[in-house]
Student: 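The structure is given below, and queries will be raised subsequently.
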Amino acid sequence: MEKLVSLTKRRGFIFPGSEIYEGIGGIYDLGPLGVELANNIKKVWWKKIVQERDDVVGLDSSILMNKEVWQTSGHINSFTDPLIECRNCHTRFREDTLPKSSNCPTCGKNDWTNSRMFNLMFKTHIGPVQDVGSETFLRPETAQGIFVNFGNIVDTMRVKIPFGIAQIGKGFRNEITIGNFLFRVREFEMMELEYFTYPAQAEKDFEYWQNERMKWHEELGLSKKNLRFREHASGERAHYAARSVDIEYNWPFMGWGELEGIANRTDYDLKAHSEASGKDLSYFDEATKKRIIPYVIEPSVGVGRAMLAVLIDSYTEEKAPTAEKGASETRVVLKLNPKLAPIKASILPLVKDEKLIKIAKGIYKELKENWFVQYDEAGSVGRRYRRQDEAGTPYCITVDFDSLKDSAITVRDRDSMKQDRIKIKEVPDYIKNKI
Ligand code: GAP
């Protein structure tokens, strides 16, 4: 993990938040390559969940909502973790991650307060008066924005159940304990689908989504041996869930742990919002001519957590030959799925020669119209390859002196390090076919 964290900083993927002020706990910023990787993850999720389907529509609801939403959803009363404090050094921990019999990990004493339930929502105020009446919260999940818009979508989009509403957006949780890099943070993006279905069909749809979501993680490139399902025991489930299954990843810092959660939220949320708001959120089913409150199946995954799994799974160290004959060195390479790679290709003139630079910049300009590509002329070509390996760039396109005669370039494959010679005019199609 130390090597990965250092690589992600060195190559501009992830920076600690507010770093020049010694940081802020559990907050990270995405650098230029990180934002591309995150965007690509969101793009493949949206494509699979919304664009390619006829039964899912998208939404972008607000982070700030009426406080009543959180009262009704149960988050004000139940979105809590048990907190204990060391009486000696006043460090606070989540009781469920630390047995009371153990000593304080900070000072070594064993003198704990009783546990109390700590609400994980960040409180804020709307408008200039800061009193209880103006209080609200930063959303801890995007799902509630979907539930309160359920009526609007049914009225405007001619959807028929089963159908889904998908949303990608920020969520905020004042986690008691943070750590393990992007795994548990206080501000993160989530990709959530609420799939509304007939109560009698909910169990079948749950299983369908469970399998669909596992396939998605495998398609991202995560190795099967690092993925598994885990069913929640009844005492473990969120307050709204009748059934929950996690897709777990085998994290190097903690072993198996949640990557994505799939929950059967039943009619809990729509029913509660109907009752509290007085607005009827039932659905008129043409087939049975009855009004029903649909059940909801919810697959939900954090962008940062998916990104961390992808980075861990693609980080590779291997022996590679150097420019010196017979010698080898350790090559660090992020073997990212080309669809996710921040930089799709790097265009390199072999040396800083005006004629080579002109051709390389021409290729760069053309590819830039469709993909995020990079032009790089700094340092030896071997060093430039290593830099791109660490950034996970799948293709390096090198312009050499032969290019002046044969109008061709070499394309180096990141993983096999094999080189193809192809005509310059074929480069865009070559990249298109590979990505
Ligand atoms: N609406 C459902 C929901 O909020 P969750 O299991 O609490 O369910 C969904 O969160 C996903 O969000 C998790 O599977 C995880 O990928 C991500 N996530 C949750 N808390 C997180 C945190 N503190 N830091 C990073 N990601 C988090």
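Whatever order the structure lists ligands and atoms in, that order sets their numbers, starting from 1.
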Student: Do any N or O atoms from the side chain of Arg265 and from the backbone of Tyr240 form a donor-acceptor pair under 3.5 angstrom?
Tutor: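 Such a contact is absent between Arg265 side chain and Tyr240 backbone.
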Student: What protein heavy atom sits nearest atom 12 (O) of ligand 1, and how far away is it?
Tutor: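 Here the closest protein heavy atom is Gly302 N, 3.6 Å.
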Student: So is Leu259 in contact with ligand 1, going by heavy-atom distances below 4.0 Å?
Tutor: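 Per 4.0 Å heavy-atom rule, Leu259 contacts ligand 1.
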Student: Judged by non-hydrogen atoms, does Glu248 sit under 4.0 Å from ligand 1?
Tutor: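 Flag not set, Glu248 not near ligand 1.
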Student: Quick one: does Asp413's side chain have a donor or acceptor within less than 3.5 Å of a partner on Asp415's backbone?
Tutor: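 Yes.
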Student: Starting from atom 1 (N) of ligand 1, what is the nearest protein heavy atom, named by residue and atom, and what distance separates them?
Tutor: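 Checking every protein heavy atom, the shortest distance to atom 1 (N) of ligand 1 gives Glu192 OE2, 2.4 Å.
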Student: Identify which of Asn174, Asp269, Val185 has a heavy atom lying nearest to atom 22 (C) of ligand 1.
Tutor: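 The nearest heavy atom belongs to Val185.
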Student: Evaluating non-hydrogen atoms only, which member of Phe172, Phe183, Phe79 is closest to atom 25 (C) of ligand 1?
Tutor: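 Nearest option to atom 25 (C) of ligand 1, by heavy atoms: Phe183.
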Student: Does Tyr28 come within less than 4.0 Å of ligand 1, judged by its heavy atoms?
Tutor: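 Flag not set, Tyr28 not near ligand 1.
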Student: Only heavy atoms of Gly261, strictly under 4.0 Å: list the atoms of ligand 1 that pass.
Tutor: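 Numbered from 1, ligand 1 contributes 14 (O).
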Student: List ligand 1 atoms under 4.0 Å from Glu260, heavy atoms only on the residue side.
Tutor: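 Here the atoms of ligand 1 in question are 14 (O).
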Student: May I ask you to identify the nearest protein heavy atom to atom 11 (C) of ligand 1, giving residue, atom name and distance to one decimal place in Å?
Tutor: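 Among all protein heavy atoms, the one nearest atom 11 (C) of ligand 1 is Ser300 O, 3.7 Å.
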Student: Indicate, as side chain, backbone, both or neither, the part of Arg265 found under 4.0 angstrom from ligand 1 when only non-hydrogen atoms are considered.
Tutor: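 The side chain, only.
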Student: Take Trp256 and Tyr249, measure what ring pair (Phe, Tyr, Trp, His ring centres under 6.0 Å) needs, and give me the verdict at the end.
Tutor: CA-CA 5 Å; Trp256 293 103; Tyr249 183 76; 7.6 Å; no
Student: May I ask you to check if ligand 1 and Ala143 share an N or O to N or O distance below 3.5 Å?
Tutor: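 Such a contact does not occur with ligand 1.
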Student: Relative to Trp216, does Arg213 satisfy both conditions: NZ or CZ under 6.0 angstrom from the six-membered ring centre, and within 45 degrees of the ring's axis?
Tutor: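 Verdict for Trp216: a cation-pi partner in Arg213.
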Student: Compare all side-chain heavy atoms of Ile168 with those of Glu189 and state whether any distance is below 4.5 angstrom.
Tutor: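 Yes. Closest side-chain heavy atoms under 4.5 Å.
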Student: I'd like to check whether Glu298 has a polar contact with ligand 1, where a contact means an N/O of the residue lying under 3.5 Å from an N/O of the ligand.
Tutor: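 N/O-N/O distance below 3.5 Å exists for this pair.
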Student: Pairs of nitrogen or oxygen atoms closer than 3.5 Å, one from Pro140 and one from ligand 1: do any exist?
Tutor: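 In fact, backbone or side chain, Pro140 has no N or O that close.
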Student: Under 4.0 Å between a side-chain nitrogen and a carboxylate oxygen: does that hold for Arg291 and Asp285?
Tutor: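 Salt bridge between Arg291 and Asp285, a charged N being under 4.0 Å from a carboxylate O: no.
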Student: What about Phe196 and Phe150, are their ring centers closer than 6.0 Å?
Tutor: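 Distance test on ring centres: under 6.0 Å, yes.
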Student: Looking at Asp55 and Arg53, is any side-chain nitrogen of the basic one under 4.0 Å from a carboxylate oxygen of the acidic one?
Tutor: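 Here Arg53 pairs with Asp55 in a salt bridge, since their nearest N and O are under 4.0 Å apart.
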Student: Could you go through the salt bridge (Lys or Arg N to Asp or Glu O under 4.0 Å) check for Arg243 and Glu231 one step at a time?
Tutor: CA-CA 8 Å; Arg243 185 179 174 200; Glu231 177 101 32; 2.9 Å; yes
Student: For the residue pair Tyr208 / Lys204, report whether a side-chain donor-acceptor contact shorter than 3.5 Å exists.
Tutor: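 Result is no, nothing qualifies.
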Student: Taking the six-membered ring for Trp, are Trp70 and Phe79 closer than 6.0 Å centroid to centroid?
Tutor: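 Here the rings of Phe79 and Trp70 have centres that are no less than 6.0 Å from each other.
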Student: Name the closest protein heavy atom to atom 18 (N) of ligand 1, giving the residue it belongs to and the distance to 0.1 Å.
Tutor: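 Its nearest protein heavy-atom neighbour is Phe188 CE1, 3.5 Å.
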Student: Would you indicate which of Arg173, Met190, His75 comes nearest to atom 5 (P) of ligand 1 when only heavy atoms are counted?
Tutor: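 Nearest option to atom 5 (P) of ligand 1, by heavy atoms: Arg173.
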Student: Measure the distance from atom 8 (O) of ligand 1 to every protein heavy atom, then report the residue, atom name and distance (to 0.1 Å) of the closest one.
Tutor: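 Atom 8 (O) of ligand 1 sits closest to the protein heavy atom Tyr240 OH, 3.9 Å.
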Student: List the closest protein heavy-atom neighbour of atom 14 (O) of ligand 1: residue, atom name, distance to the nearest 0.1 Å.
Tutor: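 Nearest protein contact, heavy atoms only, for atom 14 (O) of ligand 1 is Glu258 OE2, 2.6 Å.
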Student: What about Tyr28 and Phe188, are their ring centers closer than 6.0 Å?
Tutor: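 Centroid distance Tyr28-Phe188: not below 6.0 Å, so no.
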Student: How does Arg184 reach ligand 1, by side chain, by backbone, by both or by neither, if only non-hydrogen atoms under 4.0 Å count?
Tutor: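 It is both backbone and side chain that touch ligand 1.
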